[in-house]
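To start, the structure under review is shown below, and the notes come after it.
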Number of protein chains: 4
Amino acid sequence: MVTKKPDATRRSERSRRAILASTRELIVELGYAKVSIDAIAARAGVGKQTIYRWWPNKGAVVFDSVLELSADPSGAVAALPDTGDLAADLRLVMRATVAEFADPAFEAPIRALNTEIANDPDLATLYRERLAAPVDEAKKDRLRSAQRAGQLDADADLDLVLEVLYAPLYQRWLLRTGPLTESYADALVAAALKAFGAS
Amino acid sequence: MVTKKPDATRRSERSRRAILASTRELIVELGYAKVSIDAIAARAGVGKQTIYRWWPNKGAVVFDSVLELSADPSGAVAALPDTGDLAADLRLVMRATVAEFADPAFEAPIRALNTEIANDPDLATLYRERLAAPVDEAKKDRLRSAQRAGQLDADADLDLVLEVLYAPLYQRWLLRTGPLTESYADALVAAALKAFGAS
Amino acid sequence: MVTKKPDATRRSERSRRAILASTRELIVELGYAKVSIDAIAARAGVGKQTIYRWWPNKGAVVFDSVLELSADPSGAVAALPDTGDLAADLRLVMRATVAEFADPAFEAPIRALNTEIANDPDLATLYRERLAAPVDEAKKDRLRSAQRAGQLDADADLDLVLEVLYAPLYQRWLLRTGPLTESYADALVAAALKAFGAS
Amino acid sequence: MVTKKPDATRRSERSRRAILASTRELIVELGYAKVSIDAIAARAGVGKQTIYRWWPNKGAVVFDSVLELSADPSGAVAALPDTGDLAADLRLVMRATVAEFADPAFEAPIRALNTEIANDPDLATLYRERLAAPVDEAKKDRLRSAQRAGQLDADADLDLVLEVLYAPLYQRWLLRTGPLTESYADALVAAALKAFGAS
DNA sequence: CAGTAATCGAGACGGTACGTCTCGTCTTGGA
DNA sequence: TCCAAGACGAGACGTACCGTCTCGATTACTG
């Protein structure tokens, strides 16, 4: 989380949740650019100072509100399925990502988050550490399992593999440069396995 | 361009150029978020109304200012080198992209442009049509040449090939998730050719 | 008139009349404060430059437009009635003034004119010379006739007499401090004659 | 006062005084027409919203600023002198008015106030109730005392008496139609007493 | 269980920027 | 050659938010 800590024990959990929920709602309703701190405070039934006491700026509030949407509060990340069939497992996971990007309740806040990250290197670091790294690690665990099973090149740079898999999907979504379909997800899996699959 | 047309023939070319140049300068100096229409007008020695007469909002001005940076006014796009060695040619082009992303005078405005595009579907369409499509077509011309030369799978989806090549680079740059080096560019070329190279 | 004189011979009488008429119409329709040069030009079917060529600013246009409303173009001023009965003649004239102030088509432009005059000493002088002085002189002619007839104190300061007669009427109208009725006009005539009537 | 009331208890007295003082200063320095809300806010060291929060428009600010100049905050109005000599007392008071009109620090703001009042019936009503009525009542008290003393016609319409006394002075000042001197004040007193003095 | 200290909702504050409107000047193209 | 049409630089308008600040009024630890 991005919150500062004046005396965190006294903090009102009620207000915290109301602020983050209102933020997500407003992002979906108005779009990221038109969300204001004033509007968040009003919707959450909270004084503006209560927001500024715990977050330094709008970006941080948006960041946390989206983080809460995606993350398990314990910080734990679910492992990827491992049926032994790498291609099938990746197709499953990538198709789930496609579905997520199609849901406006996820789409709008995540787009907002990406806007923040793209323009604020500090948030980018935070995002990488708190959210991306654990998820990527889970994915890489599955890839390592595939390497041991001889389904993936043992020398493959796993970060690169993930990028070849996910970056095209991400780019299409963010810039709306093409349709996001299940067959597109499948094609990416096929390409990645061709590039990095055990010979 | 994004300009509206009250009476485009009377338009002052002098003001137009001053506005777009000032916009680019301010993006580099202050960062996209802190650029204001007031500041652009003041720097350009122009009334605010002259900006609002021709562009609907800040996003459109930024869009055009960056477009002018990248685009040949005639709309022509340089063809990619074609030495006969696909891998070498792609490495050259991708390394050039890496270099561009490292130059602050390009980096900042292009980041601003991407922020606009990600949050405005209309600008995204415009961007695709005016800037991305011609460039992509030039790249695909080179790939088709490689297909004819038997260096690339004749059935390959060329859009997918371009995405596998460029999207990882773009993602690393936009989200700052990793270093952009020449060897990274080379690795992407290698992966793509492995995935789509003629068998 | 307030007009400048670049080459008054070339001046388009048609435009001049359209401008002044449009000005009066707009004052009545919108109130003085909301009348703009742009609106006058548009209504008159005239370029803005044609206005600025002949008048220095909005005040001057308003001034001339109201002047034309009140003044005989020849500069001649009708003499006051002289029936030999000063009180009756004055009552007639003052009642006519009351009626004029009650007519919105006169009221609004004259109020605009007074606003201009109150805030611009130069226009005040011009107003005094071009419009007020001749009218006052006609009124004083009638008073002199009354002095000769022994109906008015021979030593009376005629400017003061006119002020005692008209200023209360003017003040009530301008500041809306009281109703403007015929009996009020009559009361003013009675008071003035008591103050200045031949003893 | 003309102020609106969002939460008048929290209102900053410091800002209120700074705004009204700055307004008066700017009127004297620049003249009414050239005073802008921006300039008032800047001079007062105040945000524009603080002005718009409490006053609906420039006229209301000017109105209040001049009101504060003239009015005792308690609303009390000094009684006129009553030496028993009506003519002498009136001359004293009218000469004081002449002096006030000659002082630029009073002249400019009061002229601005009159411009507002002449063009806004609502402000005119407010002016009459808050400022003019109490002062007029004080003057009429003195006139009633004179009636009891047999120095003024017992039937005289006191409003009319005041108008005959003051309106000529006001008109000369507002339209600059003549010099404002002590002898002019004296002449008005003489005329009024001749018209309404006890026979 | 009272005292007290921090957080809370509320909202005014000094500011910055917005997008619109009007001013008075300058430019262009058709009559 | 004139002039309507209208773009231009300038700058004020009134609004929306920013992030800070003061208010009482809870609220929850501490003595």
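Being a predicted model, the structure only gives us computed values, none of them experimental. Both backbone and side-chain heavy atoms feed into the values below; hydrogens, waters and symmetry mates do not.
- An angle of 10°, rounded to 10°, separates the two end axes of the helix from E:dC1-F:dG31 to E:dA31-F:dT1, each defined over five pairs.
- Contacts with DNA chain F (heavy atom under 4.0 Å) in residues 7-31 of chain D: D:Arg10, listed by number.
- In this structure A:Lys48 satisfies the salt bridge (charged side-chain N to carboxylate O under 4.0 Å, His left out) test together with A:Asp38, sequence neighbours excluded.
- In this entry the distance linking CG of A:Asp38 with P of E:dG11 reads 12 Å, nearest Å.
- Rounded to the nearest 0.5 angstrom, C:Lys58 NZ and C:Tyr52 OH are separated by 9.5 Å.
- One can place NZ of B:Lys58 at 10 Å from P of E:dA17, the figure rounded to the nearest angstrom.
- Between A:Val35 and D:Val35, it is D:Val35 whose nearest contact on DNA chain F lies nearer the 5' terminus.
- Put simply, the side chain of D:Tyr127 does not reach to within 4.5 Å of the side chain of D:Leu123, judged on heavy atoms.
- Interface residues of residues 39-55 of chain A facing DNA chain F, ordered by number: A:Lys48, A:Gln49, A:Tyr52; criterion, heavy-atom separation under 4.0 Å.
- Interatomic distance, B:Asn114 CG to B:Asn119 CG, rounded to the nearest 0.5 Å: 11.0 Å.
- Residues B:Leu126 and B:Val2 form a side-chain contact, since some pair of their non-hydrogen atoms from C-beta on lies under 4.5 Å apart.
- Here the P atom of nucleotide F:dT20 and the CG atom of A:Asn57 are 10 Å apart, to the nearest Å.
- Of the residues B:Val28, B:Leu26, B:Val62, the one that meets the side-chain contact (heavy atoms from CB on, under 4.5 Å) test with B:Pro109 is B:Val28.
- To the nearest 0.5 Å, the span separating CD1 on A:Ile51 from OG1 on A:Thr23 amounts to 6.5 Å.
- Looking at heavy atoms from C-beta onward, C:Leu174 lies in side-chain contact with D:Leu174 at the 4.5 angstrom threshold.
- No side-chain heavy atom of C:Trp55 sits under 4.5 Å from any side-chain heavy atom of C:Ile37.
- Residues satisfying the salt bridge (charged side-chain N to carboxylate O under 4.0 Å, His left out) test with D:Arg130, not counting sequence neighbours, are none.
- E:dT20 atom C1' lies 13 Å from atom CD1 of B:Ile37, rounded to whole Å.
- Every salt bridge (charged side-chain N to carboxylate O under 4.0 Å, His left out) that A:Glu13 has, sequence neighbours left out, goes to A:Arg16, A:Arg17.
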